[in-house]
Amino acid sequence: MPLLVPNQAPPEGYYAQNLRAVVDTVCHQYADLLTSDETYFANSALALSEPALRLLARLLSRTKTYIRLDSLSYADVGDVSKALHELSEADLISLDASGEASEILNLLTVTELKATFAHSDLKGRKSELIETIRARHDDMTIRVRISERQPWLHVIASQVFEVFCLLFFGNNMQKIEEFVIRDLGVTRFEAYEMDPAFRLFRDRRAIDRYQELQGLAETVESLGKTVTAEDAEDICRSLMTPEEDRVFELRRSRILNALGRNLERVNEHELALRCYRSSSAHPARERMMRILKKDGRVEVLEEVRAEILDGPRSYEERQFALRFAKPRTPQPTIELRESLAPTDEVASIENFAAQQLVDEGCQAWHLENLLPNGLFGLAYWDWLYASVRGSFVHPFQTAPLDLYWPEFFEVRQDTCEDPLAKPEELKARILAIADTKRGISSQLVAWSVLSRSLLNTILGAMKTEQIQGLLRIVTEDLRQFRAGFPDLTVVDQQGVIAFVEIKGPGDQLRPNQRLWIERLMQAQFNVYVWRFR
DNA sequence: AGTGCCCACG
DNA sequence: TTCACACCATCAA
DNA sequence: GATGGTGTGTCTCGTGGGCACTGT
Ligand SMILES: [Mn+2]
């Protein structure tokens, strides 16, 4: 029986308990790195009376930070106005009618706006209405007039609480709602070990820098191709120093790559080159080569090419350096089937092709990367959730933090058994883990797609060496081979497995797709491209 | 009156 | 709010 | 065929209420 049931009252004090858990954990882990504001928030929150903490938990779970008082009706809080005053006394919320006029005006409905700011000519969309009101009254008048009818509060603690969530989850995407999703039973998480002494953020600088990088990413994103040289200079100044932490460094490099790409679009080649030069992430050097080619700077181009070949960052980067701006060299030939494209509209060309294979007597599924990722995730389940310092930092993870980093296998090989060492047991191992772990969230295993019978059929159609071969490819480079797998997995009437990449008119193989196909052919799989014209 | 979006909620 | 992929336009050989 | 640009599906769920907006 799950802790929470939709539309049924949660256990007494449930949301407050979640809030307390986050604040407690962060305080224990990061007490010495918190600013005075953050420490103050933690102390005052933990010192609140139970009703006030319950109310605060609700307020912090709202998406907006300005909230109408008449929208607060929480039975488990009891005396709401008493709790409000307590929160206000603790400076966790403000009751003194603060805020931007436009934001506050948005708290009212159209009807209320018209009633509160009675003008005969108020009409149009709500946004236009608000503009009109703002043009006629100053902010103070607006606030006063609304607060007389519809008092509201501002959740001061919101910003600081975001930092607490960042420290708790180690990222800006997961929020405190994770608790609810888990307690409803929607997601189950593996019972991995965590080291409470481990810190994702080493020092205060790391916390601040994380947020700074987030801001820069947003700026670059929002500027897009309206970016000017001055903008870029500004942003670059904050991005030119390599980060010590590799996660930060990857983040920095990706922002530089995005900025560089935008600069290319506005023909700022020199600035773009500077961004790419400072970046340590693919495709920075690829973009450099393209720019240099365009500008006819052959010598520098060759220098970059040599640099890549000397230490390629990925298989794809190396492949690009080998082939770019060079006479065409033959590539391994791939079996090709060709058909006419369906005349009438179909939902997707992949499903159309799959249906045709079914009509021919085969079994066919559109699985793409879900198959290799799923098989790897199952065969290496214990590797994924092994106790490795720093790989798990909170209870809501679906993969270890170092999954896509080079030392993933190295740091686990002493404690985990290599599934490939006993190839004859692979099939049974994968099926057994699928049975025992079914439903537990994994970044690699899509349970809804990989049913027991599907796994049975597919694994049954693969020879032991083929399963081993497939996993060898994936484990060669988890990052590279997490994408590019052929669209369809097919088992024919003789029980022979094949993989098919479907190409509609005007679509062609991408480098990672070609790479997967070549590897699969080497591993003795039937693979072909099915092109519709 | 109908439709579709946003948001709180469990 | 990303990532992987398909689709589409354009250009060149 | 190469390249660049854009669109789509995907979300850790499902539901219900309130609201804006549209059309009669
Ligand atoms: Mn395809």
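Lettering of chains follows the sequences in order, A, B, ..., and the numbering in each one begins at 1.
Looking only at atom types and distance, the side chain of A:N257 has no donor-acceptor partner in the side chain of A:R254 under 3.5 Å away.
Look at D:dG7: its Watson-Crick or wobble partner, with both distances under 3.5 angstrom, is C:dC5.
Remark: side-chain polar atoms of A:Q397 are paired, donor with acceptor, to backbone N or O of A:A399 under 3.5 angstrom. Side-chain atoms of A:E162 never come within 3.5 Å of backbone atoms of A:S158 as a donor-acceptor pair (strictly under, hydrogens ignored).
In this structure A:F376 satisfies the ring pair (Phe, Tyr, Trp, His ring centres under 6.0 Å) test together with A:Y380, sequence neighbours excluded. Every residue two or more places apart in sequence or in another chain that forms a ring pair (Phe, Tyr, Trp, His ring centres under 6.0 Å) with A:F499 is listed here: A:F485, A:F525. Remark: A:F248 pairs with no residue by the ring pair (Phe, Tyr, Trp, His ring centres under 6.0 Å) rule, at least two apart or across chains.
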(request) Take nucleotides 19-24 of chain D nucleotide by nucleotide from the 5' end and write B, S or -, depending on whether a protein heavy atom sits under 4.0 Å from the base, only from the sugar-phosphate, or from neither. (result) SSSS--

(request) Spell out protein contact along nucleotides 1-16 of chain D as letters: B when the base is contacted, S when just the sugar-phosphate is, - when no protein heavy atom is under 4.0 Å; keep the 5' to 3' order. (result) SBBSSS-----BB---

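Listed by residue number, the members of residues 58-65 of chain A with any heavy atom below 4.0 angstrom from DNA chain B are A:R58, A:R62, A:T63, A:K64.
Of all nucleotides listed (C:dA4, C:dT1, C:dC7), C:dA4 comes nearest to the side chain of A:R482. Nearest nucleotide to the side chain of A:Y74, out of C:dT1, C:dC5, B:dC9: B:dC9.
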(request) Tell me, with the steps shown, if A:E112 and A:R68 meet salt bridge (charged side-chain N to carboxylate O under 4.0 Å, His left out). (result) CA-CA 13 Å; A:E112 287 167 341; A:R68 282 168 63 148; 2.7 Å; yes

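When the P atom is used for both B:dC5 and D:dT8, the distance is 15 Å, rounded to whole Å. Comparing D:dT15 with C:dT1, their P atoms sit 29 Å apart, to the nearest whole Å.
Heavy atoms of A:Y15 sit under 4.0 angstrom from at least one base atom. Backbone-only engagement by A:N512 is indicated by non-hydrogen atom pairs under 4.0 Å involving sugar-phosphate atoms exclusively. In this structure, A:G185 reaches neither bases nor backbone, as no heavy-atom distance under 4.0 Å exists between it and the strands shown.
We find that A:R54 and A:E12 are joined by a salt bridge, their nearest charged nitrogen and carboxylate oxygen being less than 4.0 Å apart.
Whole-Å rounding puts the A:I255 CD1 to C:dT2 P distance at 11 Å. For the pair A:N172 CG and C:dT2 P, the interatomic distance rounds to 12 Å; values are reported in whole Å. Per the geometry, CG belonging to A:D70 stands 12 Å off P belonging to D:dG18, to the nearest Å. Here the C1' atom of nucleotide C:dA9 and the CG atom of A:D507 are 14 Å apart, to the nearest Å. What separates CG of A:L515 from P of C:dA4 is a distance of 14 Å, to the nearest Å. Remark: P of B:dA8 and CZ of A:F179 are 19 Å apart, rounded to the nearest angstrom. In this structure, A:I176 atom CD1 and B:dA8 atom P are separated by 15 Å, rounded to whole Å. One interatomic measurement links the two molecules: CG of A:L509 to P of C:dA4, which rounds to 17 Å at whole-angstrom precision.
Residues A:V22 and A:F179 have side chains in contact (heavy-atom distance under 4.5 Å, counting atoms from C-beta outward).
A:F169 and A:F396 have tilted rings, their planes meeting at an angle from 30° to 60° on a 0 to 90° scale. The aromatic rings of A:W516 and A:F481 sit perpendicular to each other, their planes meeting at more than 60°, with 30° as the lower class boundary. Classified by interplanar angle (parallel below 30°, tilted 30° to 60°, perpendicular above 60°), the ring pair A:W530/A:Y528 is tilted.
For the OP1/OP2 pair of C:dC5 and a distance below 4.0 Å, the side-chain nitrogens and oxygens of A:N369 include at least one atom meeting the criterion.
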